[in-house]
Amino acid sequence: QVRLQESGPGLVKPSETLSLTCTVSGAAINSYFWSWMRQPPGKGLEWLGYIYYSGSTNYNPSLKSRVTISIDTSERQFSLNLNSVTAADTAVYYCASLGMTGIMRAFDSWGPGTMVTVSS
Amino acid sequence: DIQMTQSPSSLSASIGDRVTITCRASQSVSVHLSWYQQTTGKPPKLLIYGTSSLQSGVPSRFSGSGSGTDFTLTISSPEPEDSATYYCQQSYSTPYTFGQGTKVEIK
């Protein structure tokens, strides 16, 4: 059973960089693709991107190169950096495992989420 | 980007009534369609992947069907704990996209 836990600041100032880390337990870091999603208050879900243990990444173009996902396999962690944030980036941020074997292409385990507010 | 459109946006049903939620993709996603359940303050939970495969531990009253652009999530005999918001999501091509959600109330 994959367990995921997000960590990072709950408040970020406009124009600064949002940085979150997701710690993985219960699964080998090379077993999945690792992904970030977000959900603004009262709204739907947005996929931000994923990373494989090799370091290969895929990002949502809507974020216009503001997003970077990195991985530290020795620490069993992967991280999200989102720069030049505005109030529109206020959301609950989730990390998730993305299963990609056979017919399975889905986010099968999620962290509890962490609320990040962008405000001065 | 592939747009995912769910209907209805919300519904109310009685315990034991059959509940059906539809999801339409703006282009074919083959069978790469998943369904998630989200209750207030919790992360989404995977119910169905690959259009119709039931995730381990999910009750058999949940089922999925469809292919191409039109998909359905059915709750055959819903229980009060099935009150939640349900999202479809395509993994056919990036950027992966979600439907806007269907809020389900079971009374």
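A, B, ... follow the sequence lines: proteins, then strands. Residue 1 opens every chain. All values below come from the heavy atoms of this structure, side chains included, with hydrogens, waters and symmetry mates left out.
Between B:F98 and A:Q39, every side-chain heavy-atom pair lies at or beyond the 4.5 Å cut-off. Taking the side chain as every heavy atom from C-beta outward, A:R105 and B:V29 never approach each other to under 4.5 Å. Between B:T94 and A:Y59, the closest side-chain pair of non-hydrogen atoms is not below 4.5 Å.
The environment of CD in A:Q1 is sparse: at most 12 heavy-atom neighbours from other residues, nucleotides or ligands sit within 6.0 Å. Open room surrounds CZ on B:R18; 12 or fewer heavy atoms of other groups in view lie less than 6.0 Å from it. Counting non-hydrogen atoms of other residues, nucleotides and ligands closer than 6.0 Å to OH of B:Y92 gives a total of 12 or fewer. By the neighbour-count criterion of 12 heavy atoms within 6.0 Å, atom CZ of B:R24 is sparsely surrounded, having that number or fewer from other residues, nucleotides or ligands.
Shown here for A:F107 and B:Y96, the closest heavy-atom pair between the two residues is CZ-CD1, 3.9 Å. Taking each heavy atom of B:P44 and A:Y94 in turn, the nearest pair found is CD-CZ, 4.2 Å. Listed here is the closest heavy atom pair of A:W47 and B:P95: CZ3-CA, 3.4 Å.
Proximity to chain A (any heavy atom under 4.5 Å) is restricted, for B:Y36, to the side chain, taken from C-beta onward. With a threshold of 4.5 angstrom between heavy atoms, A:M115 does not approach chain B through any atom at all. Using a 4.5 Å cut-off between heavy atoms, A:L48 does not touch chain B at all. Of the atoms belonging to B:Q38, it is side-chain heavy atoms, and not backbone ones, that fall under 4.5 Å from chain A.
Hydrophobic clustering (side-chain heavy atoms under 4.5 Å, transitive across Ile, Leu, Val, Met, Phe, Trp, Tyr) groups A:W36 together with A:V116. Connection of B:I15 to B:I75 is established within a shared hydrophobic cluster, with ILVMFWY side chains joined at heavy-atom distances below 4.5 Å, either directly or through further cluster members.
For the atom pair OG (B:S93) and CG (A:N58), the distance works out to 10.0 Å, reported to the nearest 0.5 Å. Remark: B:S52 OG to A:I103 CD1 distance equals 7.5 Å, nearest 0.5 Å. Taking CD from B:Q89 and CE from A:M37, the interatomic distance works out to 7.5 Å, rounded to the nearest 0.5 Å. The CG atom of A:L45 sits 10.0 Å away from the OG1 atom of B:T85 when rounded to the nearest 0.5 Å. The distance from the OG atom of A:S109 to the CG atom of B:L46 is 8.5 Å, given to the nearest 0.5 Å.
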Full working for side chain to side chain contact (heavy atoms under 4.5 Å, CB included) between A:D108 and B:K45: CA-CA 7 Å; A:D108 54 358; B:K45 172 188 173 183; over 6 Å; no
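If you tally non-hydrogen atom pairs under 4.5 Å between each of B:P43, B:S56, B:G50, B:S53 and chain A, the highest count goes to B:P43.
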